[in-house]
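If you're wondering where the values come from, they're calculated on a predicted model, not measured in any experiment.
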Amino acid sequence: MDPYETTIYHAVLITSLVLGTVIIYFAVSVIRIQRRHFERKRSLLISEIALLESERTRIANDLHDELGPLLSVTRIQISKAADQLATPAYYLEKAEANILTVIERLGGIARNLTPKLLVTKGLEAALQDFIDQYRHISSIRFRLCYEVNQHLSGDQSLLIYRLVQETVHNAVKHSGAHQIQLHLKEYDKQLYISCKDDGNGFASLPASENGMGLTSLHNRAEIAGGHLQCTTAAGSGTEYFFQIPLNI
Amino acid sequence: MRQPLRLVIADDYPLFLEGLHLLLEQQDEVHIVGEAHNGTELLEKVASCKPDVVITDIQMPQMDGVTATRIIRSRFPDTKVIALTMFNEEHLIVDMIEAGAGGYLLKSTSKGELLKAVQSVADGYNYFCNHTSIRLSKLIAQSRSPLLHPSEPLFTEKEIDIIRLICEQHVSKQIADLTSLTHRTVEKYRDRIMNKTGSKNVVGIVIYAIKNGIYRV
């Protein structure tokens, strides 16, 4: 081979090696930065969620421990005042009835703000309670199957509870289903959650509407360190299938 | 007239205790002999005052109402306990019933219902708040309560029909229409059913019926 040609070959080889190394280095850095960025975003989201949940708990406790008893006492005082009058007092009776309604509403709000049962009795009891509440206000048939033996941390239980809550809300609101089956199963350090309904499926919904709900569910799955797979077809129901690593 | 029933009341919110005082003052049937702000204080008061009935909040600092109730019922079996809750917190109520409370009331209860509950529980009956939902009735019926009457007295077919109609939330007048009985006869049946089931209100009948399989939800 011509020495000149050999030099060219060498030059090309060295240049492509250098270029290759640079490109690989660049690609690896981009992936690394992206991964770091994703991790940072996730931990930021997790701490934001923790903050949100602790705020919700604080508000619920305030309603429960301070406003509630204060309203009860006010009710007692009003009924006492009414007793002391010779003639029945229309407006006092009205006020008393209003306070009762406020107390009932307050209870509902406190309950929706934070699932107390999750802390006292764990995820299974809290989910059972959540489903039971639906059973009493909706004609949809619910089935809950819980096959998780591992004890989940408080944070992880809450993430999963909220995720299931939103999935079921979505299904109830949009699917027009008669039956919703919820199945949580633990296998090989992974938690699998399936929520299956016999409703209309996705295609029948306007894209914007199902897009939002679905994105939010994808986000929740991602925050929990897992992912969501959604199988649906018009008229044949929807299945949401989450895979989430346990104890992350 | 019988001696006034001796009460100890417990709640960690002082204003609410004041409210209970206000509600029960000038009532000859009851006399408040002590008050406590947490479970530990409640146990001390029960030991020193030997009350007939304790009315206690469930969530309290130091020792909660559930633990306090369990200890009271085992150490002082003559003292009956009524749980007070702010809202219809079903699982807490069930915990209290399982710990041996004879009944529960919402904090928004009226004077009349409070007195009725105290009397019933002191007489050894259960008393469940008039606001009890079917869902809570079911939870109570399924609970491991030491106090729910387990034996099933014999009911006539007519009585069983009427129990079912009561469970379906029909009032006496509707039941009379549905069974072609007179309103007065239905009322008589109702009284007899309450006696047989040891209930003090409709809720007691519903819980009894669910527990003994007369009514399914």
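Between the side chain of K107(B) and the backbone N or O of P69(A), no donor-acceptor pair lies under 3.5 Å.
Contact annotation for Q26(B): only side-chain heavy atoms (C-beta onward) come within less than 4.5 Å of a heavy atom of chain A. Both the backbone and the side chain of D129(A) have a heavy atom closer than 4.5 Å to some heavy atom of chain B. Of the atoms belonging to R135(A), not a single heavy atom falls under 4.5 Å from chain B. Using a 4.5 Å cut-off between heavy atoms, E104(A) touches chain B through its side chain atoms alone. For L106(A), the parts sitting under 4.5 Å from any heavy atom of chain B are the backbone and the side chain alike.
For M86(B) against I103(A), the heavy-atom pair with the smallest separation is CE-CG2, 3.7 Å. Scanning both residues, K80(A) and L22(B), for their nearest heavy atoms gives NZ-O, 3.0 Å. Nearest heavy atom pair, residue S108(B) against residue S72(A), reads N-OG, 4.1 Å.
Atom NE2 of H169(A) has more than 12 neighbouring heavy atoms from other residues, nucleotides or ligands inside a 6.0 Å radius. For Q229(A), the CD atom is loosely surrounded, since the number of other residues' heavy atoms within 6.0 Å does not exceed 12. Around the OH atom of Y134(A), the shell of radius 6.0 Å holds more than 12 heavy atoms that belong to other residues, nucleotides or ligands.
For the atom pair OG1 (T120(A)) and CG (D64(B)), the distance works out to 10.5 Å, reported to the nearest 0.5 Å. From L92(B), atom CG reaches atom CG of L117(A) across 8.0 Å, with rounding to the nearest 0.5 Å. Residue T109(B) holds its OG1 atom at 7.0 Å from CZ of R75(A), rounded to the nearest 0.5 Å. A distance of 4.5 Å separates OH in Y13(B) from CG in L70(A), rounded to the nearest 0.5 Å.
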Practice task
Please step through side-chain contact (heavy atoms from CB on, under 4.5 Å) for the pair K111(B) and I76(A), ending with a clear verdict.
Solution key: CA-CA 8 Å; K111(B) 182 172 73 187; I76(A) 292 171; over 6 Å; no
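Side-chain contact between K121(A) and D95(B) is present, with heavy atoms from C-beta onward closer than 4.5 Å. Residues H64(A) and F87(B) meet the side-chain proximity criterion, which asks for heavy atoms closer than 4.5 Å. With a 4.5 Å cut-off on side-chain heavy atoms, Q59(B) and K116(A) count as touching. Inter-residue side-chain proximity for R111(A) and E90(B) is flagged as met; some heavy-atom pair is nearer than 4.5 Å.
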